[in-house]
Amino acid sequence: GLELSVNNHAADFSLSTMLGPPISLSCLVQNSSQAEELLWYRGDGQVDLKDGNKVNISNICVSPVTESDNGVTFTCKLARDTSVQVSVLLDVQFPPQLSGEESLQIEEEKDVTMSCNAKSNPQAQTAWYKNNSSLTLEQNRYQLYQTSEVFQLSIIKVQKSDNGTYTCVVKSPLGEGRKDFHLIVEDKNPVFPKEAVIAAVVVVTATVLFGIVARRDKIFKV
């Protein structure tokens, strides 16, 4: 019977590729006795095709291949019966895209968060280091947060001993990425209680007023 094939696959399949180089997808009508119009979809959106690229055979090109193409499904369908279709899932593989450094100045006893881009395919292993040594996580002081795209380290109420260089390392079979955070813990700014300041202002004001009144009485006596 009538069927379609994409890159010689008559059933849905996954296509592994790398970032950059373009890929071509060719959809072909099999076992047809008449001209058949073809449709292409990227996800749920229909792809615009030129008139000479719609009948019995249709080709599309993804160029260049980017991270946003990872996990996207391209589907070729028969126009008069869209249930006849073949889909290809793009598996775009790429190493961690992580580099550079950042300086953070934070006041003592405040919280700080360092955040890394951990996006890669296949998913990477992640780790934190302090001054090139594995970071020992102190309970209730360090908090880790991780998704497939973000890797974060939070330090609660930083201390002077937290000064140093923290390195986020993201490793995958395709490569490694790292980012340095230079943490500088500054002295805590003295905080004056609001009530004490108000009381001091009141006392000074009252003292000045009493002084003026006392001097006035003395002047009148003279």
Side-chain angles (χ1 to χ4, degrees), residues 14-25 42-45 47 60-74 88-194 197:
S14 177
L15 178 62
S16 292
T17 186
M18 304 296 290
L19 288 180
I23 61 168
S24 295
L25 301 175
R42 184 187 192 275
D44 294 327
V47 178
I60 61 171
C61 182
V62 182
S63 178
V65 175
T66 67
E67 291 179 17
S68 63
D69 295 315
N70 184 47
V72 173
T73 298
F74 287 86
V88 51
L89 175 69
L90 292 193
D91 176 28
V92 182
Q93 301 196 345
F94 54 93
Q97 308 290 316
L98 181 65
S99 63
E101 57 185 327
E102 186 177 331
S103 292
L104 300 171
Q105 292 179 311
I106 189 74
E107 189 179 312
E108 197 173 8
E109 294 191 10
K110 287 193 174 181
D111 301 342
V112 65
T113 296
M114 291 164 274
S115 182
C116 288
N117 170 24
K119 192 174 180 181
S120 66
N121 182 35
Q123 192 167 340
Q125 299 293 317
T126 51
W128 282 99
Y129 293 83
K130 181 183 179 183
N131 298 330
N132 294 321
S133 297
S134 292
L135 180 63
T136 302
L137 299 178
E138 297 178 33
Q139 193 173 9
N140 301 325
R141 280 244 305 136
Y142 294 93
Q143 293 180 354
L144 291 179
Y145 172 79
Q146 184 172 359
T147 67
S148 60
E149 298 187 9
V150 178
F151 187 41
Q152 289 181 340
L153 169 68
S154 296
I155 305 177
I156 310 303
K157 294 186 177 180
V158 295
Q159 305 168 1
K160 287 288 187 179
S161 59
D162 292 320
N163 270 313
T165 297
Y166 294 78
T167 304
C168 167
V169 178
V170 184
K171 293 182 180 179
S172 86
L174 298 179
E176 175 181 311
R178 58 174 56 217
K179 183 177 180 181
D180 290 332
F181 296 86
H182 305 293
L183 182 62
I184 302 168
V185 182
E186 300 176 331
D187 291 332
K188 183 179 180 182
N189 292 326
V191 178
F192 296 101
K194 189 176 180 181
V197 173

Side-chain heavy-atom pair [X], [Y] within 4.5 angstrom cut-off:
| X | Y | value |
| --- | --- | --- |
| C61 | S24 | yes |
| Y142 | S154 | no |
| R42 | I60 | no |
| F181 | L153 | no |
| I156 | E138 | no |

Can you establish whether the number of heavy atoms outside [X] located under 6.0 Å from its atom [atom1] is more than 12?
| X | atom1 | answer |
| --- | --- | --- |
| Q125 | CD | no |
| N131 | CG | yes |
| K130 | NZ | yes |

Locate the shortest heavy-atom distance separating [X] from [Y]; write the atom from each residue and the value.
| X | Y | answer |
| --- | --- | --- |
| K160 | V185 | NZ-O, 3.1 Å |
| S68 | T66 | OG-OG1, 2.7 Å |
| V170 | L98 | CG2-CD2, 3.5 Å |
| P96 | G175 | CD-O, 3.7 Å |
| Y145 | T147 | OH-CG2, 3.3 Å |
| V72 | G43 | CG1-N, 4.4 Å |

Examine distances only and state if a side-chain atom of [X] and a backbone atom of [Y] form a donor-acceptor pair shorter than 3.5 Å.
| X | Y | result |
| --- | --- | --- |
| N70 | E67 | no |
| D180 | E101 | no |
| D91 | S14 | no |

> Which of these passes salt bridge (charged side-chain N to carboxylate O under 4.0 Å, His left out) with D162: K157, K110, R141?
Replying inline: R141
> Given S115 and F151, is the side chain to side chain contact (heavy atoms under 4.5 Å, CB included) satisfied, shown in steps?
Replying inline: CA-CA 6 Å; S115 182; F151 187 41; over 6 Å; no
>> Would Y166 and L104 count as a side chain to side chain contact (heavy atoms under 4.5 Å, CB included) here? Give the steps.
In response: CA-CA 11 Å; Y166 294 78; L104 300 171; over 6 Å; no
> Going through the checks in order, is the side chain to side chain donor-acceptor pair (under 3.5 Å) test met by N117 and Q97?
Replying inline: CA-CA 7 Å; N117 170 24; Q97 308 290 316; over 6 Å; no
>> Does R178 form a side chain to side chain contact (heavy atoms under 4.5 Å, CB included) with Y129? I'd like the steps, not just the answer.
In response: CA-CA 10 Å; R178 58 174 56 217; Y129 293 83; 5.8 Å; no
> How far apart are the C-alpha atoms of I155 and L183, what are their side-chain angles, what is the distance that settles it, and do they pass the side chain to side chain contact (heavy atoms under 4.5 Å, CB included) test?
Replying inline: CA-CA 11 Å; I155 305 177; L183 182 62; 4.1 Å; yes
